[in-house]
Amino acid sequence: MAEELLADVRDNPHDSLDMMRHSTAHIMAEAVVSLFPGAKYGIGPTIEHGFYYDFDLSRPLTPEDLVAIEAKMRESIAANRSFSRTDVPKLEARQVFASQPYKLEIIEAIPDETVRLYRQGDFTDLCRGPHLESTGQVKAFKLLNVAGAYWRGDEHRPMLQRIYGAAFETQEELDTHIHNIEEALRRDHRRLGRELGLFFFDPIAPGSPFFLPKGALVYNLMVEFMRKLYVKYGYQEVITPQVFSADLWKRSGHYDNYKENMYFIESEEREFGVKPMNCPGHCVLYSATLHSYRELPLRIADFGRLHRFERSGVLSGLTRVRSFAQDDSHIFCRPDQVQEEIGALIRMMHETYTAFHLGEPRFTLSLRPDKRVGTEESWDRAETALRDALRSEGITFEEVAGEGAFYGPKIDTFVKDALGREWQLNTIQLDPNLPERFELEYIAEDGTQQRPLMIHRAILGSIERFYGVLVEHCAGAFPVWLAPVQAMVIPIADRHAEYARAVAAQMAAAGLRAHVDERSERMNAKIRDAQNQKVPYMLIVGDKEAGSNTLSVRLRTGQEEKDVPVAAFLERATAAVASHAEL
RNA sequence: GCCACCGUAGCUCAGAGGCAGAGCAGCUGUUUCGUAAACAGCUGGCCGUGGGUUCGAGUCCCACCGGUGGCUCCA
């Protein structure tokens, strides 16, 4: 076996960090194999912040095992073993990995005649590289957790144990990363939802949130915001049934393609399905009347409740639920109206994300998949319309080949939650398929019957999911217009309660949500509680304020402003609400 | 659904075969206070559910339900 030692390329810091992470994964595999003789190992790539490696072991790993593995890894690092690289013929590689079925499978999948091996000490792995020169170059790492993962991501194949680890150039960066994880847990929407009295879950209805009064208030404010945009952008809201005969789902194609995600009911010997989406119902609504080309585009909005059966293991707070509503809408239009509609949609999205202080989500444009219906020309037209609309609105986006729906391309937006998991917020899809299935028509200028196109679109997407992401994004400190309690009036002593109530009444008259904290507590405790509830404005009133019709304003940032006339504060607060300002 | 872990007071958690615990919250008093926790007392439990082992089970075993982190899935 011809061995050569070489230093792999390390042109930029990113590559070298990646290389270090990957080498750390090898060192972990070395440790696992030495601690668990007979261990079979799968793959061990780098990921954001670190690496993982999958193992097939005789027993489940415990947290103590992780400690032992980590200790073994530090031994290897202290020994500073060099990584050596060898290219060998496949035949030889098969002998090296004779007892490693997963590696043999990978070898078979490699088209080349030779494969590359990396070795440190007694441990050899099949790997493309590159790697560090030696184990001693690993800087800061920590093993984090164990999780199950199917071999090759296939649920019909064995489940391996995946160990996740973090690795960085410096201990400080690693410490920061671990601190970030803890911080993220602190702003987890499930925790904040309970602490702020917004919503909760009960095993009596898995995956289905209960929104408490404060939480429902915020929910309804979100809906109200969308309703205002609907007026501005020419949408018409409708209310449609919750439960439909299975005939509808057969016609729409959901019965064949989405059945396992739906709830069915039998009643009077007929089968009914609870709606998981609004589109088929909207097609029924469209075809209930005759339409002229003059009516198009027809924008139908619906906040109807949707139910989707999700497998128990995938449920997660508000971000993955079984019961939710969307700010859903279907736009029926002529082909020549598509681009303009998409442009308006993007402007609408922009306006929304600004008001919610969400920042720009990540946009993708999903193009034609292999399995598709329709002509190449219609796909060209549809993709171009979406692409041009995104460009002309100045959106940066990534094109993803093959990810479109079988009937049309789509634009998706994504945001990350506190734990860095990315969630799809919404989707804009061009759909000629449903109008076809439901034989939708409009009367064209020349009197002929034509088929409209349908655009499925939501901006918030699932309101529940959006809510969860928003709570985490602002760590529970909603922009004033969304805050369930906008101002807490805090009387210093009981004798100030009357003035406090008068102030709160003025706020209420101005349309603000203000409360008076009349509990027999010290002012400090009231301030603390209001701070913890992330109330935007705390209005402290004592002898001084009551005597001069003023307020001492404390913002939730801790900033204080004294001797503020009540009228001046009202003006400031109502302006902040109207402009959707943060504070 | 799969793998691992976790379910004890409203919340956060301790208790690991031998009397069910703490802090916060809640309730009742006292306190009337100037920018992030006043003081005292009291209440609160089918230890997720069902079975088993044992003289004895929050504690050990099995099943189920729910949750968490992944995996798979996600028009």
Side-chain angles (χ1 to χ4, degrees), chain A residues 47 52 54 56-57 59-63 65-66 144-164 181 185 188 190-191 194-195 197 200-207 252-254 256-258 260-261 276-277 279-280 308-317 319-321 366 369 403-408 410 412 419 421 423-424 427 429-431 433-434 454 456 462 465 490-497 518-533 538-545 552-556 558-562:
Chain A
I47 49 174
Y52 68 77
D54 290 343
D56 189 347
L57 306 172
R59 65 168 178 83
L61 289 166
T62 64
D65 289 328
L66 283 197
L144 298 175
N145 56 324
V146 186
Y150 297 110
W151 169 240
R152 300 236 138 167
D154 182 342
E155 64 179 318
H156 302 294
R157 309 210 55 187
M159 178 156 277
L160 309 181
Q161 297 190 65
R162 175 172 296 177
I163 306 177
Y164 284 94
I181 294 173
L185 288 173
D188 187 313
R190 292 166 295 195
R191 177 195 179 107
R194 207 174 33 239
E195 288 175 356
F200 69 94
F201 289 86
D202 189 280
I204 208 71
S252 70
H254 287 83
D256 290 330
N257 301 306
Y258 203 71
E260 63 283 1
N261 282 295
M277 298 174 198
C279 19
R308 297 183 186 174
F309 171 74
E310 301 284 359
R311 301 212 268 180
S312 57
V314 309
L315 298 174
S316 178
T319 35
R320 189 77 180 267
V321 292
S366 297
E403 284 297 307
F406 72 88
Y407 48 74
K410 55 178 187 164
D412 296 318
L419 296 175
R421 292 174 298 202
W423 295 96
Q424 182 178 341
T427 185
Q429 289 176 23
L430 262 186
D431 181 7
N433 178 56
L434 276 184
M454 193 172 174
H456 305 254
S462 152
R465 176 177 291 178
I490 300 178
I492 290 176
D494 286 350
R495 66 176 177 280
H496 308 121
E518 294 196 55
R519 292 174 306 161
S520 171
E521 287 288 348
R522 290 169 66 231
M523 175 201 65
N524 286 311
K526 295 178 184 178
I527 287 174
R528 184 185 141 87
D529 289 343
Q531 282 286 159
N532 286 336
Q533 288 295 305
M538 280 150 275
L539 308 175
I540 289 104
V541 297
D543 291 331
K544 213 162 105 212
E545 289 77 11
S552 171
V553 179
R554 180 193 164 105
L555 305 180
R556 68 181 165 212
Q559 200 183 324
E560 289 170 36
E561 203 181 332
K562 307 209 164 136

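Letters A, B, ... are given to chains in the order of the sequence lines, protein chains preceding strands, and every chain is numbered from 1. Being a predicted model, the structure only gives us computed values, none of them experimental.
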Could you tell me how far G7(B) sits from A16(B) if I compare only their C1' atoms? Round to whole Å. 16 Å
Judged by atom type as modelled, is there a donor-acceptor pair below 3.5 Å linking the side chain of R162(A) to the main-chain atoms of A147(A)? no
May I ask you to evaluate whether R320(A) reaches the phosphate of G69(B), defined as a side-chain N or O under 4.0 Å from OP1 or OP2?
no
Which of U32(B), A38(B), G34(B) is nearest the side chain of M523(A)? It is G34(B)
Using the C1' atoms only, state how far C39(B) lies from U32(B), rounded to an integer number of Å.
14 Å
Q. P atom, G70(B) versus C61(B): distance in rounded Å?
A. 27 Å
For C60(B), the nucleotide meeting Watson-Crick or G-U wobble distances (both under 3.5 Å) is G52(B)
Out of A38(B), C33(B), U32(B), minimum distance to the side chain of A525(A) belongs to A38(B)
For atom C1', what is the distance between G29(B) and G34(B), given to the nearest Å?
-> 26 Å
task: Report yes if a side-chain nitrogen or oxygen of R311(A) is closer than 4.0 Å to either non-bridging phosphate oxygen (OP1 or OP2) of G1(B); otherwise report no.
output: no
* **Any R556(A) side-chain nitrogen or oxygen under 4.0 Å from OP1 or OP2 of A36(B)** => no
For C11(B), the nucleotide meeting Watson-Crick or G-U wobble distances (both under 3.5 Å) is G23(B)
Indicate whether OP1 or OP2 belonging to U72(B) is found under 4.0 Å from a side-chain N or O atom of R157(A). no
Checklist line | 4.5 Å side-chain heavy-atom contact, Y150(A) and R157(A) | finding: no
- Expressed as a whole number of Å, how far does the C1' atom of C47(B) sit from that of C13(B)? 13 Å
To the nearest angstrom, the NE2-P distance between H456(A) and C74(B) comes to 17 Å
Considering only heavy side-chain atoms of R495(A), the closest of A38(B), U32(B), U68(B) is U32(B)
Between CG of D188(A) and P of G67(B) the distance, given in whole Å, is 14 Å
Out of U32(B), C33(B), A75(B), minimum distance to the side chain of D494(A) belongs to U32(B)
When rounded to whole Å, the CZ to P distance for the pair R519(A) and U31(B) reads 19 Å
For the side chain of E545(A) and the base of G34(B), is some donor closer than 3.5 Å to an acceptor across the two?
-> yes
Per the glycosidic torsion and the 90° limit around 0, nucleotide A16(B) is syn
Rounded to the nearest 0.5 angstrom, the CD-CG distance for Q429(A) and D412(A) is 7.0 Å
| Pairwise C1' distance, A9(B) and C3(B) [rounded to whole Å] | 33 Å
- prompt: Quantified in whole Å, what is the C1' atom distance between nucleotide G66(B) and nucleotide G50(B)?
  reply: 15 Å
### Query
Any side-chain heavy atom of Q531(A) sitting closer than 4.5 Å to one from M538(A)?
yes
Under a 4.0 Å heavy-atom criterion, the protein footprint on nucleotides 2-14 of chain B, written with B, S and -, is BBS------SS--
task = I would like to know whether R152(A) and D154(A) meet salt bridge (charged side-chain N to carboxylate O under 4.0 Å, His left out); could you show each step before the answer?
result = CA-CA 5 Å; R152(A) 300 236 138 167; D154(A) 182 342; over 6 Å; no
Provide the distance between the two P atoms, one in U59(B) and one in C6(B), to the nearest whole Å. 14 Å
Is it true that atom CD of E260(A) has more than 12 heavy atoms of other residues, nucleotides or ligands lying nearer than 6.0 Å?
yes
**Item:** Any side-chain heavy-atom pair of D529(A) and R519(A) under 4.5 Å
**Value:** yes
Students often get this wrong, so: under 4.0 angstrom with heavy atoms, is N261(A) touching a base, only sugar-phosphate, or nothing?
nothing
I47(A) CD1 to G69(B) C1', in whole Å, measures 13 Å
Across every strand shown, the nucleotide meeting Watson-Crick or G-U wobble geometry with G34(B) (both distances under 3.5 Å) is none
Checking N1-N3 plus N6-O4 or O6-N4 for Watson-Crick, or N1-O2 and O6-N3 for wobble, each under 3.5 Å, the partner of G29(B) is C39(B)
Regarding G58(B), purine or pyrimidine glycosidic angle vs 90° from 0 gives syn
* To do: Report yes if some heavy atom in the side chain of R554(A) is under 4.5 Å from a heavy atom in the side chain of I540(A); otherwise report no.
  => yes
Picking from G66(B), U72(B), U30(B), the nucleotide nearest the side-chain atoms of E155(A) would be U72(B)
dist R522(A):CZ -> I490(A):CD1 (nearest 0.5 Å) comes out at 13.0 Å
Can you find an N or O donor on one side and an acceptor on the other, under 3.5 Å apart, linking the side chain of R522(A) with the base of A38(B)? no
